[in-house]
Asker: 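Structure in C-alpha cells, see below.
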Amino acid sequence: MRCYRCGAELSEHSFCTNCGTDVALYKKIIRTSNTLYNEGLEKAKVRDLSGAVISLRQSLKFNKNNIKARNLLGLVYYEMGEVVAALSEWVISTNLRNKKNVAADYIERVQSNATLTGNLNQSIKKYNQAYQYCLQPDGKDLAVVQLKRVISLNPKLVRAYQMLGLVYVCTNRPEAALTYLNKAREIDVNSTMTLRYIKEAENMIAAANQGKKTSLKDKITGDNNNGPQVKKYVDDNEYVIQPIRTTERRGSGTILNIIIGIAVGFLIAFFLVLPARIQHAQAAAQEEIKGFGTELDAKNLAINELEKKNSEQEDKIRALTENLNAYAGTEGTLASMENLLKAAAIYLNNPESYLEVADYITSIDETSWTDDTSENYKNLYYALKAAIGVPVCDSYYMEGEKAYSGKQYDDAIAYFEAAVFFDSTDADAIYMLANCYRLTEKESQAKDAYNKVVELFPNTWYSSNAEKYLREYSD
C-alpha cells in the first residue's frame, strides 16, 4: 500500500514515514475495499453474480482505483450477458492503468470478434424492440419472438430470460416461464428478480393443480340422489364407491330384455339381409350396363385412335412453340441466364449488396425449367440463393415486422413470403406469415402455413400456438 499524497510505501504506522501524512482512515478505506472485493470474488465463484455485482460496486465506491475489483466486475457483467457494461468497466480500468492490465486483453478479444460484436448489437436492438412490444396490449406474441432471437444471439443475457419468463407469466403459461427462468438461474443463482418470478410461476402452477384436485373431489362426493344407490367407505387409504345390489325390479327387467331381443333381431334382419338383396340386384344391373358399355367402347375405339394421333401432333407443335418462346421471350431462358449472371457479378464484386442480388434471383422462374436446363445453371442459382438467404430473410423479416406492427397486413404478407422464399427454415418468418394470413381471413393459406410450422418445428412454442389456431379453425 502506498501513500496517497507522496506515493511512498506505507509501513505499519498510522502515518506516512516519508511525508508524515495521517493515513489511518485511508488504510481503513483501502482494507474495506479489498474486503468487499474478496467477498465479490467468493460470490462470483459460486455464480451468485448479482450479489457479486453489489459487493464489487461497493468496493469501487470505497476505492475507484481498485483495478482488480473493476476488472472482476467487468467479467461478472460479461458472464451475465451485459457486454456493454463490461466494456465500460474495462475501458475505465485501462485508463487508470494502461500497462500490465489484463483488461486490455479482454477488450481486444471482444472487439476482434466481428461476429460477436454484430450479434451483440442485434441483440440489444431486438431486446429494446421486445420491451416496446411488451408495452402494447396485443404485442406479447411479438415480444416472445424477439426475445427468443435475443437469446439465440446472446445466450448469457439474464435480462432477456427474465423478461421472457415474465411475458409467459403474464400470458398464463407458467410452465414455459419456469423453463427460461431456470436457465436464468443457472447463469445467476441468486438473482432476486429471477427468484421472485420463479415463485410467482410456481404459485400459478400450484393454484391450477389445487383447482384440479378440488374438481375431482367434487365428482367423487357429488349428489347421487338421482342415480343408483351406492355405498362409500375407505379401504386402506382408498376411497371406494360400491353400488348396492337391488332385486325389486328383476321381473320387469326380464320382460324388458325380451322386448329388446326382439327389436335387435328385427334390426339385424333389416340391416343385414335387406342390404344383401339390394346389392345382388345392383350387381345384375351393373352386368347389363357393362354389356352395353363394351359395344359402345368398340365403336368409339377407332375415333379415339384418330383423336390421339391428332392430339400428339398438336402437343409436339405446342412444345416446340413453347421452347422457342422460352428462349426468345423477355422472361425466357436467355433472359433468366442474363439475370443470373448479373446477380453473380454483383455478389462477387460486393457480397454486401445482397438485396440487389435478391432482386435478380426473384426474377428467375424455377417453374419454367425443363429437363434440358443446364445443371451448372441450376447449381449457380441455388448457390447464390443459399449464400444470400439468411441476410435477405432477416432484412425482409424486419420490414414485414414493421408492416405487421402498423397493421398493414397485405404489405407484411409480401415481405414475409419473400423472407420464406430465401430461407424456408426460418421459424419466425413462417409463423408470422401464418398470422398475417389469419388476420386477413385467408383461411386455406393460414392453415397450410400453420401446418408447416407444426411439421418443421414440433414441440416448440411456435407449434403450440399453431396447433391452437388450427383447433380454432376446426371448431
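Worth saying up front: this structure is predicted, and the values here are computed from it rather than measured. For the single chain, residues carry numbers from 1 onward in sequence order.
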Asker: Output a table of donor-acceptor pairs, distance under 3.5 Å, between side-chain atoms of residues 412-433 and any protein atom two or more places apart or on a different chain; print 'none' if there are none.
Answerer:
| from | atom 1 | to | atom 2 | distance (Å) |
| --- | --- | --- | --- | --- |
| Glu417 | OE2 | Tyr437 | OH | 2.4 |
| Asp423 | OD1 | Thr425 | N | 3.2 |
| Asp423 | OD1 | Thr425 | OG1 | 2.7 |
| Asp426 | OD1 | Arg149 | NH2 | 3.4 |
| Asp426 | OD1 | Asp428 | N | 3.1 |
| Asp426 | OD1 | Ala429 | N | 2.9 |
| Asp426 | OD2 | Arg149 | NH2 | 3.4 |
| Asp428 | OD1 | Tyr462 | OH | 2.4 |
| Asp428 | OD2 | Arg149 | NE | 2.6 |
| Asp428 | OD2 | Arg149 | NH2 | 3.2 |
| Tyr431 | OH | Asn465 | ND2 | 3.0 |

Asker: Restricting to side chain to side chain contact (heavy atoms under 4.5 Å, CB included), what partner residues turn up for Asn172, sequence neighbours left out?
Answerer: Pro174, Met204
Asker: Could you tell me if Tyr161 and Thr194 have a donor-acceptor pair between their side chains, going purely by distance under 3.5 Å?
Answerer: no
Asker: Indicate every side-chain donor-acceptor pair of residues 388-402 with a distance under 3.5 Å to a residue at least two apart or in another chain.
Answerer:
| from | atom 1 | to | atom 2 | distance (Å) |
| --- | --- | --- | --- | --- |
| Tyr397 | OH | Glu401 | OE2 | 3.4 |
| Glu401 | OE1 | Gln146 | NE2 | 2.9 |
| Glu401 | OE2 | Gln146 | NE2 | 3.2 |

Asker: Side chain to side chain donor-acceptor pair (under 3.5 Å) for Gln136 and Ser405? Distances and angles first, verdict last.
Answerer: CA-CA 10 Å; Gln136 300 175 7; Ser405 300; 5.6 Å; no
Asker: Which heavy-atom pair separates Val454 from Ala466 by the least distance, and what is that distance?
Answerer: CG2-CB, 3.8 Å
Asker: Which heavy atom in Tyr37 sits nearest to a heavy atom in Ala69, and how many Å separate them?
Answerer: CD1-CA, 3.5 Å
Asker: Decide whether Ser93 and Asn101 meet the rule of one side-chain donor and one side-chain acceptor closer than 3.5 Å.
Answerer: yes
Asker: Taking Lys468 first and then Glu472, would you say they form a salt bridge - that is, a charged N and a carboxylate O separated by under 4.0 Å?
Answerer: no
Asker: Working to the nearest 0.5 angstrom, can you tell me the gap between Ser88 OG and Arg70 CZ?
Answerer: 10.5 Å
Asker: On the ring face of Tyr469, is Arg438 found with NZ or CZ under 6.0 Å from the centre and within 45° of the axis?
Answerer: yes
Asker: How many angstroms lie between atom OG of Ser463 and atom CG of Asn451, to the nearest 0.5 angstrom?
Answerer: 12.0 Å
Asker: Will you find, in the side chains of Arg185 and Asn182, an N or O donor that is under 3.5 Å from an N or O acceptor?
Answerer: yes
Asker: Please report, to 0.1 Å, the donor-acceptor pairs under 3.5 Å made by any side chain of residues 49-59, with sequence neighbours excluded.
Answerer:
| from | atom 1 | to | atom 2 | distance (Å) |
| --- | --- | --- | --- | --- |
| Ser50 | OG | Asp188 | OD2 | 3.3 |
| Ser50 | OG | Asn190 | O | 3.4 |
| Ser55 | OG | Glu39 | OE2 | 2.9 |
| Ser55 | OG | Lys43 | NZ | 3.2 |
| Ser55 | OG | Gly51 | O | 3.3 |
| Ser59 | OG | Ser33 | O | 2.7 |
| Ser59 | OG | Ser33 | OG | 3.0 |
| Ser59 | OG | Asn66 | ND2 | 3.4 |

Asker: Enumerate donor-acceptor pairs with a distance under 3.5 Å from any side-chain N or O in residues 74-81 to protein atoms, sequence neighbours excluded.
Answerer:
| from | atom 1 | to | atom 2 | distance (Å) |
| --- | --- | --- | --- | --- |
| Glu79 | OE1 | Lys156 | NZ | 3.2 |
| Glu79 | OE2 | Arg47 | NH2 | 2.9 |

Asker: Who pairs with Leu135 by side chain to side chain contact (heavy atoms under 4.5 Å, CB included), at least two apart in sequence or on another chain?
Answerer: Tyr131, Gln132
